[in-house]
Structure formats: C-alpha cells, structure tokens
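Heads up, the thing below is written out as structure tokens.
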Amino acid sequence: MIQVAGRPLTADGIAEFGAEERIIIQQMLNAPETFSYRTMNELRFELNMRKNIMDSAREMSDSKAAFTIFETARCNPAYWNLTNAGGFLLRPGVRPSEAVLDIYRNGSLYAFECATAMVIVYYHAVLKSIGSPNFDILFQNLYLYSWHTDPDLELHPTYLDYFLPGDVVYFNNPEFHPNVSWFRGLNAVVLSDGTYFGHGFGIMTADQIINFLNTQRFPGSTQPAYLANIVTRISSPTMHKLFTLQGSRIAPKKTKVVVHHNLCSISRVQYEYYCKQVNGSSI
C-alpha cells in the first residue's frame with residue numbers, strides 16, 4: 001500500500017510514470033506494508049532513486065571493474081588511495097563525484113568484492129539523483145570498504161519475505177568450500193525484470209545464482225545455497241534527507257567506526273553484527 005499525504009494511492013494514479021516506475025509502484029501496492037510520503041514529489045524521488053540504483057547496477061555489470069578479494073583490491077591512484085585493508089580512501093583535493101564516476105569510466109583499473117560493489121552502486125545512484133554539487137558537499141571523505149558508508153548514506157537491513165526493484169538482497173551459501181570463501185554468499189541488486197545484479201556474476205536469475213553457488217560447496221555438504229530474507233535499502237530518514245537536501249548547508253557528522261573484517265561477500269546484517277562488537281558501536 002502507498003499513502004501520499006495520508007491518502008491511498010490507487011492504480012489510476014500511476015499513469016504519469018514510466019514503465020519501470022510503474023513496476024515498482026505495483027509491487028509497493030501489493031506489499032504487506034504501507035509506504036507513506038508527504039507529497040507526490042517525495043514518492044517520485046524514491047522511485048527515481050530506485051530506478052537509478054538499477055541503472056547503476058546495470059552500468060557496473062557492463063563496466064570492466066573486476067571482482068577480487070580485499071588482499072588484491074585495486075583502484076585508480078589518481079582518485080583513491082588504496083589502504084592496507086583493501087579499501088579505497090578518497091585522495092585529498094579530489095571531488096567525490098568525479099572519483100565515483102571514474103569507477104564506471106575506467107573500470108579496468110578497479111577490482112573489489114561484492115559488498116563494496118553494492119555501496120558503490122548506492123553512491124553512484126545517489127549522485128545521479130541529487131547532482132554533483134550536492135554530492136560533493138555531502139560526501140567529502142569517502143572511504144569504500146565492504147558495507148561501510150558515510151553517515152549521510154545510512155542503509156537499513158531488515159528481514160522481509162518480499163523485496164522491491166532497487167533493493168539489495170543476499171544469496172547465502174552456508175556450506176561454501178573454504179578454498180573459495182568469497183563464495184560464502186552474494187549481495188545482489190533486485191532488477192525490475194526478475195533478474196539480479198551481483199558483482200562478479202553479472203545479471204542472472206535467482207536460480208542461476210543459486211546453481212552456481214551450489215558448485216562452490218565443500219564435498220559432502222548437505223545445505224544448498226538459498227535466497228535469504230535479508231533486504232537492504234536506503235533508510236527512510238536518509239531518503240527524506242536527500243529529497244529535502246539544501247546544498248549550501250553542511251550538517252555536522254558523527255564519525256563512524258570502520259570495521260576491517262577481511263571477509264568478502266558478507267551481508268549488511270553480518271557487517272552490522274561486527275560493528276556492534278567493536279566497543280558496542282552501531283553503524
């Protein structure tokens with residue numbers, strides 16, 4: 001169900017939207033929860049953000065950016081400093097928007113694992129949604145590592161039995177072979193046609209992803225890979241903040257702890273667990 005200004009949105013109210021937006025709206029109308037917006041423009045903003053997330057995922061699939069583990073991560077040194085942990089730290093004097101765009105323009109210079117890929121997709125989609133000037137104000141100290149994000153890009157993981165186009169889901173492979181521990185799972189963007197984008201996998205169906213992960217289990221394993229009920233989205237407060245963004249205002253930020261765990265392909269839920277173990281902090 002969708003409510004705009006306290007009133008339900010009906011199927012008749014979606015004629016103005018494009019085909020992909022109508023798919024998102026229809027799935028939201030059928031969802032067992034209520035999505036509430038103050039105005040139609042706020043709804044339009046989220047629909048556009050979800051469309052941009054999907055577009056950014058498809059563009060990453062078409063780029064030459066490679067999948068790798070943290071130990072062999074690489075980036076363009078003109079924009080990023082590669083840390084010992086395999087993260088990418090924005091170089092001083094570099095515009096954050098240009099650094100994110102470079103990952104897509106010069107993908108062959110980059111290699112990273114799949115959680116980092118999801119965060120890059122989010123940043124790229126936000127950049128498309130709010131424009132370079134606002135993006136450069138908000139995200140001046142970017143650090144790309146696993147599920148770590150800037151305080152102005154809060155991601156909300158939850159357990160749901162359904163998901164929407166533009167969500168990130170997790171394919172879990174609990175009995176992965178220890179020689180290929182990076183196949184413990186796959187973070188993937190839900191696309192509007194029923195397929196998924198996972199970094200290193202490309203665009204595939206759920207069955208194709210699960211079938212491949214099952215080939216990476218240890219001998220004698222009995223539990224197959226599966227699509228978990230973990231759904232990650234941009235948090236509602238963050239979505240509203242981005243929608244109402246005032247480009248000239250820089251709000252104070254609380255420093256977020258970075259947890260360097262060295263485990264590729266973990267879910268957002270697992271990353272939050274690690275963060276809470278570090279002095280009881282949350283992310």
Side-chain angles (χ1 to χ4, degrees), residues 1-61 114 117-119 121-122 124-126 128-130 153-172 185-199 201-210 225-243 267-269:
M1 180 179 178
I2 301 173
Q3 285 188 341
V4 180
R7 297 183 178 181
L9 180 72
T10 64
D12 294 336
I14 69 175
E16 66 174 275
F17 296 99
E20 199 157 47
E21 289 88 346
R22 289 199 298 272
I23 291 172
I24 300 170
I25 289 175
Q26 193 59 59
Q27 293 190 30
M28 293 170 78
L29 290 172
N30 296 336
E33 71 171 291
T34 300
F35 299 89
S36 297
Y37 304 91
R38 295 168 178 83
T39 65
M40 280 296 293
N41 282 340
E42 190 171 1
L43 170 60
R44 292 187 187 98
F45 182 82
E46 177 162 338
L47 294 173
N48 185 58
M49 181 72 77
R50 287 183 172 277
K51 184 176 183 298
N52 286 339
I53 291 169
M54 290 186 282
D55 287 344
S56 295
R58 296 182 186 109
E59 290 175 45
M60 182 173 285
S61 181
C114 81
M118 297 297 101
V119 171
V121 165
Y122 278 123
H124 192 246
V126 170
K128 290 181 179 182
S129 300
I130 67 175
L153 181 59
E154 295 290 354
L155 303 178
H156 176 62
T158 188
Y159 294 96
L160 295 173
D161 293 327
Y162 76 97
F163 41 79
L164 303 172
D167 285 343
V168 170
V169 294
Y170 190 68
F171 290 85
N172 193 24
L186 177 72
N187 294 287
V189 176
V190 180
L191 303 179
S192 59
D193 62 355
T195 60
Y196 305 80
F197 164 71
H199 184 52
F201 283 61
I203 295 174
M204 305 174 73
T205 66
D207 286 344
Q208 288 172 325
I209 293 171
I210 289 170
Y226 62 94
L227 175 56
N229 63 343
I230 300 171
V231 177
T232 299
R233 299 172 177 167
I234 295 176
S235 72
S236 295
T238 293
M239 193 71 77
H240 181 68
K241 181 194 302 182
L242 295 173
F243 169 65
S267 71
R268 174 69 178 190
V269 168

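Computed from a predicted structure; not experimentally measured. All values below were derived from every heavy atom in this structure, side-chain atoms included, with hydrogens, water molecules and symmetry-related copies excluded.
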State, with a plain yes or no, whether a side-chain heavy atom of Glu59 is found less than 4.5 Å away from one of Val121. no
Compare all side-chain heavy atoms of Met1 with those of Phe35 and state whether any distance is below 4.5 angstrom. no
Hey, could you give me the OH/CG distance between Tyr170 and Asn187, rounded to the nearest 0.5 Å? 6.0 Å
So His240 and Arg38, side-chain hydrogen bond (donor to acceptor under 3.5 Å, both in side chains) or not? Walk me through it. CA-CA 10 Å; His240 181 68; Arg38 295 168 178 83; 3.2 Å; yes
Could you report the tightest heavy-atom contact between Ile210 and Tyr226, atom names first, then the distance? CD1-CA, 4.2 Å
Of all heavy-atom pairs linking Arg50 and Gly166, the shortest is NH1-C, 3.8 Å
Rounded distance [0.5 Å steps], OG1 in Thr238 versus OH in Tyr122: 11.0 Å
Let's go through Ile25 and Leu47 carefully: what are the C-alpha distance in whole Å and the side-chain angles of both, what is the deciding distance for side chain to side chain contact (heavy atoms under 4.5 Å, CB included) to 0.1 Å, and is it a yes or a no? CA-CA 8 Å; Ile25 289 175; Leu47 294 173; 3.6 Å; yes
Would Val231 and Val168 count as a side chain to side chain contact (heavy atoms under 4.5 Å, CB included) here? Give the steps. CA-CA 6 Å; Val231 177; Val168 170; over 6 Å; no
Please give me the minimum heavy-atom distance between Arg58 and Glu20, naming the atom from each residue. NH2-OE2, 2.7 Å
Just verifying a value: how many Å separate Asn172 CG and Leu186 CG, rounded to the nearest 0.5 Å? 11.0 Å
In terms of the angle between their ring planes, are Tyr196 and Phe163 parallel, tilted or perpendicular, with boundaries placed at 30° and 60°? perpendicular
Any chance you could lay out the side chain to side chain contact (heavy atoms under 4.5 Å, CB included) test for Val269 and Tyr159, step after step, and finish with the verdict? CA-CA 9 Å; Val269 168; Tyr159 294 96; 3.2 Å; yes
Nearest 0.5 angstrom please: His124 NE2 to Ser56 OG, how far? 5.0 Å
Please report the interatomic distance CZ(Phe243) to CG(Leu43), rounded to the nearest 0.5 Å. 10.0 Å
Heavy atoms, side chains only, cut-off 4.5 Å: are Thr158 and Asn229 in contact? no
All heavy atoms of Ser192 vs all of Ile23, minimum pair found to be O-CG2, 3.9 Å
Which heavy atom of Leu164 sits nearest a heavy atom of Val190, and at what distance? O-CB, 3.6 Å
Glu154 and Ile234, any side-chain heavy atoms less than 4.5 Å apart: no
As a quick check of understanding, evaluate side-chain hydrogen bond (donor to acceptor under 3.5 Å, both in side chains) for Gln3 and Thr34, giving each step before the final call. CA-CA 7 Å; Gln3 285 188 341; Thr34 300; 5.6 Å; no
Heavy atoms only: give me the nearest Ile24-Met54 pair and the separation to one decimal. CD1-CE, 3.8 Å
Sort out for me which residue in Glu21, Arg44, Arg22 forms a side-chain contact (heavy atoms from CB on, under 4.5 Å) with Glu16. Arg44
From CA spacing to verdict: side chain to side chain contact (heavy atoms under 4.5 Å, CB included), Ile230, Arg268: CA-CA 8 Å; Ile230 300 171; Arg268 174 69 178 190; 5.6 Å; no
Salt bridge or not between Arg233 and Glu33? Use side-chain N to carboxylate O under 4.0 Å. yes
Met239 CE to Leu153 CG distance, which is reported to the nearest 0.5 Å: 9.5 Å
Sub-4.5 Å side-chain heavy-atom contact between Asp55 and Lys128: yes
Answer yes or no: does atom CG of Asn41 have more than 12 heavy-atom neighbours from other residues, nucleotides or ligands under 6.0 Å? yes
Report yes or no: does Thr195 contribute a side-chain atom to a donor-acceptor pair with the main-chain N or O of Met204 at less than 3.5 Å? no
So, Ser129 side chain and Ala125 main chain: donor-acceptor pair closer than 3.5 Å or not? yes
So does Lys51 pair up with Glu46, basic N to acidic O under 4.0 Å? no
